[in-house]
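Structure record follows, encoded as structure tokens.
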Protein chains: 2
Amino acid sequence: MPNNQFKKGELYSFITGKASTAIARRLQKNFKQAGLDITIEQWSVLYHLWKEDGLSQQQLCDATFRDKPSITRLVDNLEKLKLVKRVPSKDDRRSNLIFLTKEAEQLQEQTMELANQTLNEALAGVTNGQVEIAKEVLQMVYDNLK
Amino acid sequence: MPNNQFKKGELYSFITGKASTAIARRLQKNFKQAGLDITIEQWSVLYHLWKEDGLSQQQLCDATFRDKPSITRLVDNLEKLKLVKRVPSKDDRRSNLIFLTKEAEQLQEQTMELANQTLNEALAGVTNGQVEIAKEVLQMVYDNLK
DNA sequence: GGCATATAGTTGTTTATGCAACTAAACAAA
DNA sequence: TTTGTTTAGTTGCATAAACAACTATATGCC
């Protein structure tokens, strides 16, 4: 009976996502300890630019699951930090392409290493099989609501 | 090899918790459609007070996994909405006990119903067994980082 | 070409988070 | 009792999110 998948008492923590909050906080803390002054939200934008530089703001919206105002301001702050640069697109004058600076390129290795470390701390004692299932469930939830 | 549990490309979405963001947004939307003008963060505080009324702010911090300033302000806003009331503790004059108003008590049934509906939408097609494992993993992550 | 509509991005407002610094009360030790 | 430390809560500041309203450019249709 699908309505009983969750007992009420369990429902809440699933919704609020304490686990991902905890991972995010830990990663932020690990960045700070390493002397890196970027937020995980800024990092999440850089992450996609490391995969493909020169994305438009709209593409960053889709990639990071954020709305346009959020990306506008994240890019504003990343520009202040001199980690990215807005370049007007020649094909479409409405559109900005976002490019990494050299400074940002140099952050990739160190921050990815910290992110991997953080995940390993988080997943200590969890088997690969369990992780696979958890990822499948989270993906299905995301697809169901998208 | 625990370091390889995550390929880099998958790591990111696990960290940012798109799924819980998506659930939260959907629940917020469902509240709004039902004419309920509360945020899911406010709701998450009420949730714990429905389970046990008269918690202190510190107890709400622990229950909701938030810091003290966050709870101070959530209680501020809930008081403005006349959904809770701060009552100074007689045992400990540093401490406030937070009590639900009648208005807030009346919200319980409807919002819990909406939350259950939202979860059912989110978990369509996911088996109970998969959900159980996902919850275990999330709990372990939380415990590892706590 | 000219007009309606869709798309890319920005700005304003409200709410929330994290951190640091602070006040006041409680507690513990001398 | 006094002094130092912990605990409960508040305030200030910076960053971020959601939503609505806006500008400017592109596109589709007549």
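In what follows, every chain begins at residue 1, and chains take the letters A, B, ... in the order their sequences are listed. All values below come from the heavy atoms of this structure, side chains included, with hydrogens, waters and symmetry mates left out.
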Note to self: Please check: side-chain N/O of B/Gln42 versus main-chain N/O of B/Thr39, any donor-acceptor pairing under 3.5 Å?
What the structure shows: yes
Notebook entry, point to check: Where along residues 80-96 of chain B does a heavy atom fall under 4.0 Å from DNA chain D?
Noted result: B/Arg86, B/Arg94, B/Ser95, B/Asn96
Next item on the list: List in numerical order all residues of residues 64-71 of chain A for which some heavy atom is under 4.0 Å away from an atom belonging to DNA chain D.
Entry: A/Arg66, A/Asp67, A/Pro69, A/Ser70
Notebook entry, point to check: Just by modelled atom types, is the B/Gln28 backbone N or O under 3.5 Å from a matching donor or acceptor in the B/Gln33 side chain?
Noted result: no
Next item on the list: Check every nucleotide of DNA chain D for an atom under 4.0 Å from a heavy-atom of chain A, then give the first and the last such nucleotide from 5' to 3'.
Entry: D/dT15 to D/dA26
Note to self: Do A/Phe31 and A/Asp37 have side chains that approach each other closer than 4.5 Å (heavy atoms only, starting at C-beta)?
What the structure shows: no
Margin query: Please list all pairs meeting salt bridge (charged side-chain N to carboxylate O under 4.0 Å, His left out) that have one or both residues in residues 101-123 of chain B, counting only residues at least two apart or in different chains.
Written below: B/Arg26-B/Glu121
Next item on the list: Mind running a 4.0 Å heavy-atom check of residues 52-62 of chain B against DNA chain D and sending the residues that fall below it, in number order?
Entry: B/Ser56, B/Gln57, B/Gln58
Next item on the list: Check B/Asp53 against B/Leu100 and note the closest heavy-atom contact, atom names and distance.
Entry: OD1-N, 2.9 Å
Next item on the list: Using a 4.0 Å heavy-atom cut-off across all strands, classify B/Thr72 as base, sugar-phosphate, or nothing.
Entry: base
Notebook entry, point to check: Checking all strands, does A/Asp76 fall into the base, sugar-phosphate, or nothing category for heavy-atom contacts under 4.0 angstrom?
Noted result: nothing
Check: For A/Glu136, what residues pass the side chain to side chain contact (heavy atoms under 4.5 Å, CB included) criterion, not counting sequence neighbours?
Finding: B/Gln130
Check: Do A/Glu132 and A/Asn128 have a side chain donor and acceptor closer than 3.5 Å?
Finding: no
Item checked: Reference residue A/Gln58; test side-chain contact (heavy atoms from CB on, under 4.5 Å); the match among A/Leu60, A/Asp62, A/Leu55 -> A/Asp62
Check: Of the residues in residues 19-34 of chain B, which ones touch DNA chain D at a heavy-atom distance under 4.0 Å?
Finding: B/Arg25, B/Lys32
Notebook entry, point to check: Which residues satisfy the side chain to side chain contact (heavy atoms under 4.5 Å, CB included) test with A/Ser95, sequence neighbours excluded?
Noted result: A/Ser56, A/Ser89, A/Asp92, A/Leu97
Checklist line | Separation between CG of A/Leu107 and CG of A/Leu81, rounded to the nearest 0.5 Å | finding: 10.0 Å
Checklist line | Pairwise ring pair (Phe, Tyr, Trp, His ring centres under 6.0 Å) hits with a residue in residues 56-107 of chain B, at least two apart | finding: B/Phe65-B/Tyr142
Check: If we only count heavy atoms from C-beta on, is the A/Tyr47 to A/Gln108 side-chain gap below 4.5 Å?
Finding: no
Checklist line | Pairs satisfying salt bridge (charged side-chain N to carboxylate O under 4.0 Å, His left out), at least one member in residues 71-82 of chain B, at least two apart | finding: B/Asp76-B/Arg86, B/Glu79-B/Arg86
Note to self: Could you work out, with side chain to side chain contact (heavy atoms under 4.5 Å, CB included) as the rule, every residue matching B/Lys32, not counting sequence neighbours?
What the structure shows: none
Check: Who are the salt bridge (Lys or Arg N to Asp or Glu O under 4.0 Å) partners of A/Lys146, not counting sequence neighbours?
Finding: A/Asp143
